[in-house]
Amino acid sequence: MRPATPSSCSPGATEHLLSLIKSCAHDSHLRQIHARILRTRSLEEPTISLRFLSRAASASVSGGVTYARRFFSQIKNPSLAEFNAMIRAYSGSDSPAEGLYLYREMRRLGQRTDPLTSSFCVKSCIKMESLTGGLQIHGRIVRDGHQSDSLLLTALMDFYSICYKSEEACAVFDEMPERDTVAWNVLISCYLRNRRTRDVLAVFDAMIGGECGCQPDDVTCLHVLQACNSLNAVEFGGKVHEYIEERGYGDAVKLCNSLITMYSRCGSMDKAFMVFKGMRVKNVVSWSALISGLAMNGRGKEAIEAYLAMLRANVVPDDQTFTGVLSACSHSGLVDEGMLFFEGMSKDFKITPNVHHYGCMVDLLGRAGSLDQAYELILSMSSKPDSTIWRTLLGACRIHRHVTLGERVVWHLTELKAQEAGDYVLLLNIYSSVGDWEKVTEVRKFMKENQIQTTPGCTTITLNGIVHEFTVDDVSHPRQNEIYTMLDEIGSQLKIAGYVPEISSELHNLSSEEKGYRLSYHSEKLAIAFGILATPPGTTLRLANNLRICVDCHNFAKVLSSVYDRIVVIRDRSRLHHFQGGHCSCNDYW
DNA sequence: GTAGGGTTAG
């Protein structure tokens, strides 16, 4: 405890200083206030010091903590509250580690700590992503007997989740004496981060079913919508949408933006539009979400129209808006438009192109066949091109069967030490497309020797809220016999309608017959067969694939959409394909 | 007593 030196400033002066701190709009004014506090010798007035420290802590990142640190160093015997305020300031600043040093200093001095002290330290550890730091704090929490503080434990859970320690996070959750909505939200965000998306939906169901003792709030919905997005679970997303309306969250901009993204990424662009149109306040995120949605769904012209409408609505575009606009151009082959927007973004909006923008441009130029121009663009980048950029170009080399540039790109990837299985698969594709089986064998051998595993293709289809998953040659589904029979039946129907297996999609050097056989059991086809089998005629089939859909499956879906009179929507790694009446929305441009 | 903690859209 600080000796009770009576403050030298009058009550009136104290009031005045407090109101100054309270109304301090700009961080830069903190310096003047600090000087004034020193002048009036009111540093020893705990009310003022605390108010000052917490004001500085909530200041913008770099500036505030400097004022707080300077101020704090002048306090002779800081109280627990003052220590906490200082650690809080550090935890939100660019130097969160300082908070942990101060915490150690407190313990060295024998200063008491409370759950808030630990809470701010956990925040520091989250910012630093320091697992060891967090483990130490966790140990301290237990030793100090603070393990029944729900708020502290929630922060700790979040910490484990961010460090990808979902089991530890769940263990903390299980030990919590009380779990409110925020605690459940952190659990959900932990599941999301650790790819346990199905569990997210289960938790939402449990919450609305009254099993958790608390109802989902707006943040819960944001998380669940993300899960629906990645699961391609548009029905469940619709359920969340209804809940949002029921709870009266319908005007929340963040939620609407999230709905737009979910619907458009699930291929329900009409619903995304409905949400968008219903918004009274639209911000740059809303417009960008709409633009990217249109882009992904292959509606490039409309995406550009939306962009122009956005400008008319006086909403200023940012970097992500341009990512959407440029990807719209690249997905729809709008080369000239893309070039214009790319030049305009830095000239008219002072936005420096980032890797995503360059990625779109490389994609745009590459697909259009201007491979050399795309290569030049990469070399002209001010920042070092990352592996994704090179991969984009490699993809274009595959489309245009450009062997020499493809090899050069792989060399660049090797230099970055960033080669992945997918890169070799693309290289294989290039060699096999020009019939160089010797090289194909060579690459295969290399992959085998270096134990490079390819990502298995996987397709999901959601029926009545249940996600069914298929891999190539899948035999794990309970209805596998029916599915394979159905697939054979579909195959012969489609052949009558003129479908011919596109054997270039099969990379092995086999006879055409064998190639056709191998292709016929791609996961997309299995999922489609299951969909036809399990749903009444007329039902839209919605699939999602983790890779790029191959040419053969694309043809297959096109013909099927006409022969079976079904709408098929397939989401692959980079876009959506709407098949209807024998055509695809992407116009075979992908 | 002062003041202070956890989740969050493209």
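Keep in mind that what you see is a predicted model, and the values were worked out from it rather than measured. Sequence lines set the chain letters: A, B, ... in the order given, protein chains first and strands last, and positions in each chain run from 1.
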Inter- and intrachain pairs under salt bridge (charged side-chain N to carboxylate O under 4.0 Å, His left out), touching residues 353-364 of chain A, at least two apart: A:Asp363-A:Arg367
Set of residues satisfying salt bridge (Lys or Arg N to Asp or Glu O under 4.0 Å) with respect to A:Arg179, sequence neighbours excluded: none
A:Leu80 CG to B:dA3 P, straight-line distance once rounded to whole Å: 15 Å
Sequence neighbours excluded - ring-ring contact (aromatic ring centres under 6.0 Å, His included) pairs with any residue from residues 169-228 of chain A: A:Phe173-A:Trp184, A:Phe204-A:Phe236, A:Phe204-A:Tyr243
Distance, rounded to the nearest Å, where A:Leu102 contributes CG and B:dG4 contributes P: 19 Å
hbond_proxy A:Asp114 side chain to B:dG4 base (donor-acceptor, 3.5 Å cutoff): yes
Whole angstrom value for the distance that separates P of B:dT8 from CZ of A:Phe204: 18 Å
d(OH, A:Tyr103; P, B:dG5) in whole Å: 18 Å
Set of side chain to side chain donor-acceptor pair (under 3.5 Å) partners for A:Asp218, sequence neighbours left out: none
Pairing residues for A:Tyr90 by the ring pair (Phe, Tyr, Trp, His ring centres under 6.0 Å) criterion, not counting sequence neighbours: none
Of the listed nucleotides B:dA3, B:dG10, B:dT8, the one nearest the side chain of A:Thr321: B:dG10
A:Lys254, nearest nucleotide to its side chain (from B:dG10, B:dA3, B:dA9): B:dA9
Base B:dG5 to side chain A:Asp149, donor-acceptor N/O within 3.5 Å cut-off: yes
Touch class at under 4.0 angstrom, heavy-atom based, for A:Asp180 against every strand present: base
Rounded interatomic separation in angstrom, taking CE from A:Met176 and C1' from B:dT7: 11 Å
Sugar-phosphate, base or nothing in reach of A:Val186, heavy atoms under 4.0 Å: sugar-phosphate
Whole-Å gap separating P (B:dG10) and CE (A:Met310): 16 Å
A:Ala183 side-chain proximity, nearest of B:dA3, B:dG6, B:dG5: B:dG6
DNA chain B contacts made by residues 277-307 of chain A, counting heavy atoms under 4.0 Å: A:Asn283, A:Val284, A:Val285, A:Ser288
Check: A:Phe83 ring centroid to A:Tyr103 ring centroid under 6.0 Å: no
Sugar-phosphate only, base, or nothing, as touched by A:Ala81 at under 4.0 Å among non-hydrogen atoms: base
Rounded interatomic separation in angstrom, taking CZ from A:Arg88 and C1' from B:dG5: 9 Å
Working for salt bridge (Lys or Arg N to Asp or Glu O under 4.0 Å), residues A:Glu105 and A:Arg108: CA-CA 5 Å; A:Glu105 183 64 10; A:Arg108 199 182 61 78; 2.8 Å; yes
A:Arg51 side chain near B:dA3 phosphate (N/O to OP1/OP2, under 4.0 Å): yes
Closest to the A:Leu50 side chain, choosing from B:dA3, B:dG5, B:dT7: B:dA3
Nearest listed nucleotide, side chain of A:Ser119, among B:dG6, B:dG5, B:dT8: B:dG5
Touch class at under 4.0 angstrom, heavy-atom based, for A:Asp158 against every strand present: sugar-phosphate
Which nucleotide in B:dG10, B:dG4, B:dT8 has an atom nearest any side-chain atom of A:His223: B:dT8
Closest to the A:Leu151 side chain, choosing from B:dG6, B:dA9, B:dT7: B:dG6
Exam field: side chain A:Ser189 to backbone A:Val186, donor-acceptor pair closer than 3.5 Å: yes
Spacing between A:Met207 atom CE and B:dT7 atom C1', to the nearest angstrom: 11 Å
